[in-house]
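One structure below.
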Amino acid sequence: MPGPAMAAGGDLPHDLYTFVIESALGLEWGFWGCVAAGATFKTLGRKRTPQGTAIINRHRDDLEAAEARVNEIYFAWRAGTPTPLDDELDAMLARWRALPAGHDITLEWSPTPSSRVGRRRA
């Protein structure tokens with residue numbers, strides 16, 4: 001599924017850490033799950049369609065809850081507070097920082113809860 005273009009390096013872009021966290025938590029109806037189901041968000045450069053808007057409207061509560069959970073985990077991780085997804089976020093940050101200019105990261109959406117969720121790194 002096509003996503004936004006983002007320059008490599010630095011910190012994880014919002015859409016990328018959202019993908020990592022939603023996927024690891026198994027959030028079927030977060031941003032990326034809705035995109036996979038055909039939601040049309042302006043932020044992805046897609047023209048809004050009645051079908052895409054209907055998906056967003058049908059899952060608005062799930063989207064808002066997912067965004068809150070994603071931000072809670074991401075900002076805790078960035079502050080150095082242990083989260084259940086430290087390993088996943090650390091690995092993606094290393095992969096992101098190592099990405100040469102002009103290259104892509106391709107990820108496949110698969111909302112499967114990580115076996116690590118619920119456990120905290122010591």
Can you tell me how far [atom2] of [Y] sits from [atom1] of [X], rounded to the nearest 0.5 angstrom?
X	Y	atom1	atom2	answer
L85	M92	CG	CE	12.0 Å
L16	W96	CG	CH2	6.0 Å
I105	L99	CD1	CG	5.0 Å

**Prompt:** Quick one: side-chain hydrogen bond (donor to acceptor under 3.5 Å, both in side chains) partners of R78, sequence neighbours excluded?
**Reply:** D11
**Fill in**
Sequence neighbours excluded, the answer for side-chain hydrogen bond (donor to acceptor under 3.5 Å, both in side chains) partners of R60 is N57
Is [Y] close to [X] at the side-chain level, that is, under 4.5 Å between some pair of heavy atoms?
X	Y	answer
V35	T40	no
N71	T18	no
D90	W77	yes
L25	V70	no
F41	L63	yes
R69	E72	yes

**Message:** Classify the ring geometry of Y17 against H14: parallel below 30°, tilted from 30° to 60°, perpendicular beyond 60°.
**Reply:** perpendicular
**Asked** Using 30° and 60° as the class limits, which term best fits the ring planes of W32 and F19: parallel, tilted or perpendicular?
**Response** perpendicular
**Asked** Counting distance only, does the side-chain N/O of D86 pair as donor-acceptor with the main-chain N or O of P82 below 3.5 Å?
**Response** no
**Message:** Between Y74 and V20, is the side chain to side chain contact (heavy atoms under 4.5 Å, CB included) condition met? List the steps.
**Reply:** CA-CA 10 Å; Y74 173 74; V20 170; over 6 Å; no
With sequence neighbours left out, write down each residue that passes side chain to side chain contact (heavy atoms under 4.5 Å, CB included) with [X], or none if nothing qualifies.
X	result
A66	E22, L27
A76	T81, T83
R58	A54, I55
D62	W29, H59

**Asked** Taking all non-hydrogen atoms of both residues, which atom of A36 and which atom of W109 are closest, and how far apart?
**Response** CB-CD1, 3.8 Å
**Request:** Would you name the heavy atoms of R95 and T106 that are closest together and state the gap between them?
**Result:** NH2-O, 3.8 Å
